[in-house]
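The block underneath contains the structure these notes are about, expressed in structure tokens.
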Amino acid sequence: MSEEQKRILEQQLWNIANTLRGKMDADEFRDYILGFIFYKYLSEKMYIYANELLSEDNIEYNIIDETTVEGKEYLAVIKEQSIEALGYFLKPNELFGSIAQKGGRNTEEDSDDEATDNFILDDLTRILNNIQQTTLGTASEDDFDNLFEDLDLNSTKLGRTVKDRNKLISKVLAHLNKIDFNLSDTKADVLGDAYEYLIAQFASGAGKKAGEFYTPQQVSTVLAKLVTVRKSRLKSVYDPTCGSGSLLLRVKREVGDVSEFYGQELNRTTYNLCRMNMILHGVHYSQFDIKQEDTLDNPQHLEQRFEAVVANPPFSAHWSASQIHMSDERFSQYGRLAPTTKADFAFVQHMIHQLADNGTMAVVLPHGVLFRGGAEGHIRKYLIEEKNYLDAVIGLPANIFYGTSIPTCILVFKKCREDSEHIIFIDASNDFEKVKTQNILRDCDIDKIITTYKERATLDKYSYLANISEIKENDYNLNIPRYVDTFEEEEQIDLHQVANQIKSLDNEMKQTDAKIAEFCKQLNIPTLF
């Protein structure tokens, strides 16, 4: 599919999403439209897979009659193999196209037909529940558990009456049914890209809530490139605050081959969105393990170590900071806990604990972590002086994240650093393009960051390779301007020239005043000078 075709698909999906825009908030209609797209995806994957199994019998899946003995035998075999291969099962009459066609008459603007054969809400609810039911007791059960729970088809936000809701949902499904997701092209990830596009569009309109589920694509790209430097494959990647999974999937795109994906997310709706996003991008259910819990207070993958760790945790979030954590191996060796009102270093400590000895970790944080004192200063000093894990400090432009305009930074950590005597500081805060009200990193800006990091180059007014001893002299303060001098000298002003210019202007003003006074005298008009 060409870039133009991809753009058209994205626009088609966004137009369909706008069908629901007037009914509810952005974060609410997001859950409906993305849920329906996911249902269509599952249906098309099911149809393609079943037809492959039936190819020798020259039968198409959607014409199997499940009421006959022969049809039931076919479905029993297909169900068994589908659950193992895909992780779920859909009957022919449960496919997206079937239910969309059934509700088709409801989309006619002048139709007042209330015939029961056009009512699809009950069928749709049953089908979505059945998808989960087919996974019970199987290896994919956790990955499909309550996956569609945010699609409340009885919500009055979809319409005041049942008939109104039925008509609106029928309209959305009918529009989606006309779009070919081109899933037969296994080399393309067009739908995955379009899904990411929609998530980004919802994030741009969600204000502060956007940070809960989406990291801007260009920032995700920087993080992904940092943790995959000089690597062609990864055994595992982990995100302790994974949101919609965009960061995990960006790592997959950068390195090409990732064996296992792990993540944890507190928000239930976002957790569901992440699992959908993984499946939509072709990640097999056996390859990812996403958990829904509080990462700091109830970590789910504590005994595992990961080759790549990436995260965009909530900035300066509150956490328990309970003294019970002082016996937790993630925090105990530091001697201090991150402040209750600023969990930034608590996330860093957690991620370092999960990082494999041969791994790389990249995390986005507010600038305060670079210089704040107290417990944070103590932890920062320990990471540098005792552990020597910090590999890079990268300053990003302000106003680059949805919902906040504060400048941010990326910290890169390694347990086995190639250059253990230095830390590279990069000030990329002035390299960006302003698009409407948002600042974005261009491809050239991203390439400059990654190249400078890899080469560990000192560039005038952009980067500096600091010796650990310099950082110690600065009392472990990592504020970027201490290391990267971006000061621009102002052009010297010739005061004699300025004085002459003022004198010349003063003479011109006197001449002008005299002319005006002469005109006023001729017109017999009084003057003030």
Heavy atoms from other residues, nucleotides or ligands near [atom1] of [X] exceed 12 (cutoff 6.0 Å):
X      : atom1 : value
Glu66  : CD    : yes
Lys235 : NZ    : no
Lys434 : NZ    : yes
Glu141 : CD    : yes
Lys45  : NZ    : no
Gln217 : CD    : no
Asn15  : CG    : yes

request  = Using a strict cut-off of less than 4.0 Å between a Lys/Arg side-chain nitrogen and an Asp/Glu carboxylate oxygen, indicate whether Lys231 and Glu307 qualify as a salt bridge.
outcome  = yes
task = Inspect the contact between Lys167 and Asp164 and indicate whether a charged nitrogen and a carboxylate oxygen are less than 4.0 angstrom apart.
result = no
Would you indicate whether the side-chain heavy atoms of [Y] and [X] approach each other to under 4.5 Å?
X      : Y      : answer
Val412 : Met361 : no
Leu54  : Ile78  : yes
Pro313 : Thr295 : no
Tyr41  : Ile279 : yes
Gln264 : Thr241 : no
Phe413 : Asp391 : no
Val162 : Asn154 : no
Phe261 : Asp239 : no

ask   = According to the ring pair (Phe, Tyr, Trp, His ring centres under 6.0 Å) rule, which pairs have a member within residues 46-83, sequence neighbours left out?
value = none
ask   = Which ring pair (Phe, Tyr, Trp, His ring centres under 6.0 Å) pairs, counting each pair once, include a residue from residues 128-176, with sequence neighbours left out?
value = Phe38-Phe148, Tyr88-Phe144
Salt bridge (charged side-chain N to carboxylate O under 4.0 Å, His left out) partners of Asp143, counting only residues at least two apart = none
State which residues pass ring pair (Phe, Tyr, Trp, His ring centres under 6.0 Å) with [X]; sequence neighbours excluded, sorted by chain then number.
X      : value
Phe331 : Trp319, His325
Tyr389 : none
Phe306 : Tyr238, Tyr262
Tyr271 : none

Non-neighbouring partners of [X] that pass side chain to side chain contact (heavy atoms under 4.5 Å, CB included), sequence neighbours left out:
X      : value
Val435 : Glu433, Ile440
Thr156 : Arg165
Ser286 : His284

Donor-acceptor pair, side chain of [X] and main chain of [Y], under 3.5 angstrom:
X      : Y      : answer
Glu265 : Cys274 : no
Glu260 : Phe288 : no
Thr135 : Gln132 : yes
Arg253 : Thr221 : no
Lys40  : Gly97  : no
Asn312 : Thr215 : no
Lys225 : Ile450 : no
Ser55  : Glu52  : yes

task = For ring-ring contact (aromatic ring centres under 6.0 Å, His included), just list the numbers for Phe401 and Phe315, CA-CA rounded to whole Å, side-chain angles, deciding distance to a tenth of an Å, and then say yes or no.
result = CA-CA 11 Å; Phe401 285 90; Phe315 299 153; 5.6 Å; yes
With rounding to the nearest 0.5 Å, note down the distance linking [atom1] in [X] to [atom2] in [Y].
X      : Y      : atom1 : atom2 : result
Asp344 : Gln349 : CG    : CD    : 11.0 Å
Met351 : Phe345 : CE    : CZ    : 12.0 Å
Arg250 : Thr228 : CZ    : OG1   : 11.0 Å
Lys79  : Ile83  : NZ    : CD1   : 5.0 Å
Leu13  : Ile37  : CG    : CD1   : 4.5 Å
Leu223 : Leu248 : CG    : CG    : 11.0 Å

Tabulate below the donor-acceptor pairs under 3.5 Å that side-chain atoms of residues 119-131 make, not counting sequence neighbours, or state none.
{"from": "Asp123", "atom 1": "OD2", "to": "Lys102", "atom 2": "NZ", "distance (Å)": "2.4"}
{"from": "Thr125", "atom 1": "OG1", "to": "Leu121", "atom 2": "O", "distance (Å)": "2.9"}
{"from": "Asn129", "atom 1": "ND2", "to": "Thr125", "atom 2": "O", "distance (Å)": "3.2"}
{"from": "Asn130", "atom 1": "ND2", "to": "Glu94", "atom 2": "OE2", "distance (Å)": "2.8"}

key: Name of the residue among His353, Gln354, His350 meeting side chain to side chain donor-acceptor pair (under 3.5 Å) with Arg330   = His350
[Y] versus [X], side-chain donor and acceptor atoms under 3.5 Å:
X      : Y      : value
Asn267 : Thr270 : yes
Asn146 : Asn272 : no
Asn277 : Ser246 : no
Ser98  : Asn93  : no

ask   = Where do Leu86 and Met46 come nearest, in terms of heavy atoms and distance?
value = CD1-CA, 4.0 Å
key: Which residues share a side chain to side chain donor-acceptor pair (under 3.5 Å) with Asn177, sequence neighbours left out   = none
